[in-house]
There are 2 protein chains.
Amino acid sequence: MTLSDKNFAFVMHCGEMGSRWGFNRTIGQMCGLLIITKEPMTANEIADALSISRGNVSMGIKELQSWRLIKVQHIPGDRKEYYAPAGSIWDMANRVFEERKKREIDPTLSLLRDNLLEPATNDDEKFAQQQMHEIHDLLETVTKWSSELQRLSPEQLQSLMKLGSGIGKVLDFKDKILKK
Amino acid sequence: MTLSDKNFAFVMHCGEMGSRWGFNRTIGQMCGLLIITKEPMTANEIADALSISRGNVSMGIKELQSWRLIKVQHIPGDRKEYYAPAGSIWDMANRVFEERKKREIDPTLSLLRDNLLEPATNDDEKFAQQQMHEIHDLLETVTKWSSELQRLSPEQLQSLMKLGSGIGKVLDFKDKILKK
DNA sequence: CTCAAGTTTCAATAAATAATGAAATTAATG
DNA sequence: CATTAATTTCATTATTTATTGAAACTTGAG
């Protein structure tokens, strides 16, 4: 199976973006490829489509699975494993977001908490702790919010997403109500 | 000037996280160092504190400036350039967020728009376009939201941040009002 | 204009990361 | 249980990315 020019361009772009999104070029390509391909693909098909080694595909699959972005499927009477995206685009975006939070925010939060437990022993440390405190609070707010978004029902999310510029108005509205 | 153990640990951690946050180890360290240091620092002081070459610092500064994370200051009668964070923690987080959006989302959005303008010429392309359409819509929503957040007043932001788990309730409330 | 302090650049080098492919492993089939 | 299709592993190699430091450049002061 060969990709059309347009689809190939998309897959290559996913590769370029791959490293920015948290994985590497090849894995970005694999992810893009599986997303735009209707039928599940075997590891060999992936290797062919992207002109990369079979071993590389195997490693990429492992990585994509650790991000919970792809799933394995079997076809009766066929020994091969078939790979497909593990959910909707929205699901996948959520996974990436979650995973990145885990890798980019959580470790820092943990370090900051430890650091802030011990009292500062001089002025330099005192100032540093003030700054760390701000970072800590910010990251904690982000964390709280992201878990909050996970908790919303799909309808609520829909509603929130469509809100757009309305968010300001809703906030003002809420404030008014609360003041009474 | 030497860093205390705790401050050193923080700076090193910023280094480890650096690559995840979009820049490299050294630049992460520089950023962390400038954040926890009360006084602006010269390039040489930075090089000393981190045990890296003067040239490396120069390149790091350029990069941090391109992210609009640091600013230059001058001390009268002193020829050297002094560097300091370009704003509050919140400002810096915003800059990183904005810059990452520019690097991670905007290029993809642009590619998808181009691709979706041309009609699909076969079934594979048709399916691919459906998927790309979903990605496009998702990214556009994210974009709209982030620019929306930028537009909110600091008080509204404060209010929104504190809302946390209340967001669901406010949404339900808003829906009820609108239905009437 | 000249000097010197300070900064930037960039070719060379070092370090980190990714990809290959052959060998080892696993697992379905008869 | 032997065969073989399929997958995984991992030492080696290739590629990419980061760092150094000397030379070039810039700029303020005399």
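Naming: A, B, ... by sequence-line order, numbering from 1 per chain.
Within 4.0 Å (heavy atoms only), A/Ile52 reaches sugar-phosphate atoms of the nucleic acid but no base atom. Heavy atoms of B/Thr42 sit nowhere under 4.0 angstrom from any nucleic acid atom.
You'll find that the side chain of A/Thr26 is closest to C/dA18, out of C/dA18, C/dT8, C/dT20. Nearest nucleotide to the side chain of B/Ala43, out of C/dT7, D/dT7, D/dT9: C/dT7. Out of D/dT7, D/dT19, C/dT7, the shortest distance to the side chain of B/Glu81 is found at C/dT7. Among D/dT19, C/dT20, D/dT9, the nucleotide with an atom closest to any side-chain atom of B/Asn24 is D/dT19.
A/Phe127 and B/Leu33 fall into different hydrophobic clusters, where Ile, Leu, Val, Met, Phe, Trp and Tyr side chains are chained together by heavy-atom contacts under 4.5 Å.
In this structure a side-chain-to-backbone donor-acceptor pair under 3.5 Å is present from A/Gln131 to B/Ile35. With A/Asp91 contributing its side chain and A/Ser88 its backbone, the two residues share a donor-acceptor pair below 3.5 Å. A distance-only check finds a donor-acceptor pair linking the side chain of B/Glu125 to the backbone of B/Thr121 [under 3.5 Å]. In this structure, the side chain of A/Arg20 does not engage the main chain of B/Glu104 through any donor-acceptor pair within 3.5 Å.
Comparing A/Lys80 and A/Gly55 along DNA chain D, the residue whose closest nucleotide (by nearest heavy atom) sits nearer the 5' end is A/Lys80. Position along DNA chain C of the nearest nucleotide to A/Phe23 versus B/Tyr82 favours B/Tyr82 as the more 5'-ward residue.
Side-chain nitrogen and oxygen atoms of A/Lys62 include at least one within less than 4.0 Å of the OP1 or OP2 phosphate oxygen of D/dT9. OP1 or OP2 of D/dT20 has not a single side-chain nitrogen or oxygen of B/Arg54 nearer than 4.0 Å.
Checked by distance alone, A/Arg79 brings no side-chain donor or acceptor within 3.5 Å of a matching partner on the base of D/dA6.
Rounded to whole Å, atom P of C/dA4 lies 19 Å from atom CG of B/Asp78. Rounded to an integer number of Å, the gap from B/Leu64 CG to D/dA18 P is 13 Å. A/Arg25 has its CZ atom 6 Å from the P atom of C/dA19, to the nearest Å. Between the CD atom of A/Gln29 and the C1' atom of C/dA18 there is a distance of 12 Å, given to the nearest Å. Distance CG (B/Asn56) to P (C/dT7): 15 Å, rounded to an integer number of Å. In this structure, the CD1 atom of B/Ile46 is 16 Å from the C1' atom of D/dT19, given to the nearest Å. Spacing between atom CE of A/Met59 and atom P of D/dA6 amounts to 22 Å, rounded to whole angstrom units. At whole-Å resolution of the value, CD1 in A/Ile75 and P in D/dA5 are 19 Å apart.
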